[in-house]
Amino acid sequence: MLVQMQIRGVDLSVDFCGLKFPNPFVLSSAPPTTDGAMIKRAFSMGWGGAITKTLGLPNLEIVNTTPRLATIRGFKGDLIGLENIELITDRPLDVWLEEIKEIKKEYPENILIASLMTAAVKEDWQELVRLVQATGVDAFELNFSCPHGMPEKGIGAAIGQDPEIASTITRWVKEVAEIPVIVKLTPNVTNIGVVAKAVEAAGADAISAINTVSVLIGIDVEKMEPIPTVDGKSSFGGYSGPAVRPIGLRCVAEIAQATKLPISGIGGISTWENAVEYMLVGASTVQLCTAVMFEGYRIIYDLIDGLADYMERHGFKKVQEIVGLALPKLSAHEKLSREYKVVANVNPDLCIKDDLCARVCQDAGYSAIQIGPDRIAKVDEEKCHGCSLCQQVCPVWGCIQMKLVNQKRGAGVENT
Ligand SMILES: Cc1cc2nc3c(=O)[nH]c(=O)nc-3n(C[C@H](O)[C@H](O)[C@H](O)COP(=O)(O)O)c2cc1C
């Protein structure tokens, strides 16, 4: 059994609404937590916590489709995003109850959270809570956020999209729960802060965000069928992986601005840097699904090592010291400086002499880049508006940098 809290003088343990996680890395409710044996194996490899695949009462009949996954990949085959149309667990609740007891017996120091979802009926929610609570599980995560299948039955994201229903169900659960109640929110709303405030007022102990983003990942143009195709048809599904990280970061920052609750950050995390990004905008634990589905539990080794190294380099002794540090730097757009001016600066040694930067500057910018007789890009600083489009499209990392040209901030020339 591996419970890693101290590494190279930094303390990776996290207090999250009274739960002591050995480290902030948690498996989210999803295929990596399909059953008890898998969760035990993940704990043995160093994961700090795990949320079970969402459990429901037996009256919620669950039959999954095959297939139920589809991807968008980059030119080099790297994963951009994953769509799934998977439902909650299709394994019997009584089997899960036994497995949860066993996991807690074998791994008492790891945090095990039961994800719950059932019909929007008070008796059903309270029965489910009582049954699962008796196992000795550490906390509940209420799944108010699955965007496919369940909303058709008035549950999942249908609950998280309505602050009133979300707070009513949170209250029902809080009436019988003797352990912390975390509410998992959906990004498929206009203002996630409003829902976060509603469940905070209803007594939620913490919030996790985000669940998947509602999408239609693509269409097979030859067959003229939406994908993933199930016998010729598909439905809208939930998007996860790297593409949703910016949405998750924005949601977590909005929740941190709107409430005082601890936050578990989720969405597109695959490296320790991604985890730190979430912490800097308010998350004290982080959850991963898609990265584990694509690389396996072993990514925990790099996550732990990378976070410990980062903390050591920056002199942080505890994870909590990182939480929210970037929040004061998020401001209203109108408060952003208009005096801070940068222009593009091309490093001729790195320029590969294609004309992409000049072409896009001509066609979608300010015609500030010319290709010289030596085929190297040259920037006319008078014409450059500093938008950074050329830097974004340049295929060579570091070839185009943005140079500070006013003297208002610090010592003059500065690269961004
Ligand atoms: C195939 C699949 C099944 C999922 N099942 C559940 C589920 O049962 N309950 C739940 O709360 N979230 C579920 N999720 C959502 C994940 O827990 C997570 O919130 C989401 O995938 C974003 O994180 P990621 O980008 O690290 O994957 C599922 C995600 C995937 C990809």
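In this chain, residues are counted from 1 in sequence order. In listed order, ligands and their atoms are each counted from 1.
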Quiz item: Can you tell me if Ala291 has a non-hydrogen atom under 4.0 Å from ligand 1?
Solution: no

Quiz item: Closest non-hydrogen protein atom to atom 21 (O) of ligand 1, residue and atom name please, with distance?
Solution: Ser240 CB, 3.3 Å

Practice problem: Mind checking whether Asn84 contacts ligand 1 via backbone (N, CA, C, O), side chain (CB onward), both or neither, at a 4.0 Å heavy-atom cut-off? | Solution: side chain

Quiz prompt | Nearest-contact summary for atom 6 (C) of ligand 1 - protein heavy atom, Å | solution = Ser29 O, 3.0 Å

Quiz prompt | Side-chain H-bond candidate by donor/acceptor type, Asn143 with Thr54, under 3.5 Å | solution = yes

Quiz item: Quick one: nearest non-hydrogen protein atom to atom 3 (C) of ligand 1, plus distance?
Solution: Pro31 CD, 3.4 Å

Exercise. Report yes or no: does a heavy atom of Ile210 sit under 4.0 Å from some atom of ligand 1?
Key: yes

Quiz item: Under 3.5 Å, is there a donor-acceptor pair linking the side chains of Gln126 and Glu175?
Solution: yes

Quiz item: Got a donor-acceptor contact below 3.5 angstrom from the Tyr278 side chain to the Ile266 backbone?
Solution: yes

Quiz item: Does an N or O from Glu141, backbone or side chain, lie closer than 3.5 Å to an N or O of ligand 1?
Solution: no

Quiz item: Looking at atom 26 (O) of ligand 1, what's its closest protein heavy atom, distance included?
Solution: Cys289 N, 3.1 Å

Self-check item: Atom CD of Glu164 with >12 non-hydrogen neighbours under 6.0 angstrom
Solution: no

Practice problem: Run the salt-bridge test on Asp35 and Lys53 with the 4.0 Å N-O cut-off and return the result as yes or no. | Solution: no

Practice problem: Give the residue, atom name and distance (to 0.1 Å) of the protein heavy atom nearest atom 15 (C) of ligand 1. | Solution: Asn211 OD1, 3.3 Å

Practice problem: Answer yes or no: does an N/O atom from Ala30 fall short of 3.5 Å to an N/O atom of ligand 1? | Solution: no

Quiz item: Can you find an N or O of Lys53 that's nearer than 3.5 Å to an N or O of ligand 1?
Solution: yes

Self-check item: Test item: Asn188 side-chain N/O and Val213 main-chain N/O as donor-acceptor pair under 3.5 Å
Solution: no

Exercise. For the pair Ile113 and Ile182, evaluate side-chain contact (heavy atoms from CB on, under 4.5 Å) and give the outcome as yes or no after the intermediate values.
Key: CA-CA 9 Å; Ile113 297 170; Ile182 304 159; 3.8 Å; yes

Exercise. Report yes or no: do Thr229 and Ser234 form a side-chain donor-acceptor pair below 3.5 Å?
Key: no

Quiz prompt | Matching residue for Trp272 among Tyr301, Tyr310, Phe25 - test: ring pair (Phe, Tyr, Trp, His ring centres under 6.0 Å) | solution = Tyr310

Quiz item: Under 4.0 Å from any heavy atom of Leu82, which atoms of ligand 1 are there?
Solution: 31 (C)

Exercise. For residues Thr212 and Asn84, report the shortest heavy-atom separation together with the two atoms involved.
Key: CG2-ND2, 4.0 Å

Exercise. Heavy atoms only: give me the nearest Trp96-Thr33 pair and the separation to one decimal.
Key: CH2-O, 3.3 Å

Quiz item: Hey, looking at atom 19 (O) of ligand 1, which of Met293, Met150, Lys184, Met117 has the closest heavy atom?
Solution: Lys184

Practice problem: Within a distance under 4.0 Å of any heavy atom of Asn143, pick out the atoms of ligand 1 and give their elements. | Solution: 9 (N), 10 (C), 11 (O)

Quiz item: Is the shortest N/O to N/O distance between Ser28 and ligand 1 below 3.5 Å?
Solution: yes

Quiz item: What protein heavy atom sits nearest atom 20 (C) of ligand 1, and how far off is it?
Solution: Thr212 CG2, 3.7 Å

Quiz item: Which atoms from ligand 1 have a heavy atom of Ile266 less than 4.0 Å away?
Solution: 18 (C), 19 (O), 22 (C), 23 (O)

Practice problem: Inspect the surroundings of NZ in Lys197 and state if more than 12 heavy atoms from other residues, nucleotides or ligands are less than 6.0 Å away. | Solution: no

Self-check item: Any donor-acceptor pair under 3.5 Å from Asn211 side chain to Thr186 backbone
Solution: no

Quiz item: Which of the atoms of ligand 1 are close to Glu86, meaning less than 4.0 Å from one of its heavy atoms?
Solution: 3 (C)

Self-check item: CA sep, side-chain torsions, deciding dist, call: Phe144, Leu116, side-chain contact (heavy atoms from CB on, under 4.5 Å)
Solution: CA-CA 9 Å; Phe144 290 175; Leu116 307 182; over 6 Å; no

Quiz item: Going by distance only, is there an N or O of Ile88 that falls short of 3.5 Å from an N or O of ligand 1?
Solution: no

Quiz prompt | Part of Thr54 within contact of ligand 1 (heavy atoms, under 4.0 Å) | solution = both

Quiz item: Should Gly241 be counted as touching ligand 1, given the test is an N or O pair under 3.5 Å?
Solution: yes

Quiz item: For ligand 1, which atoms sit closer than 4.0 Å to a heavy atom of Gly268?
Solution: 24 (P), 25 (O), 26 (O)

Exercise. Taking only heavy atoms of Thr290 into account, list the atoms of ligand 1 that are under 4.0 Å away from them.
Key: 24 (P), 25 (O), 26 (O), 27 (O)

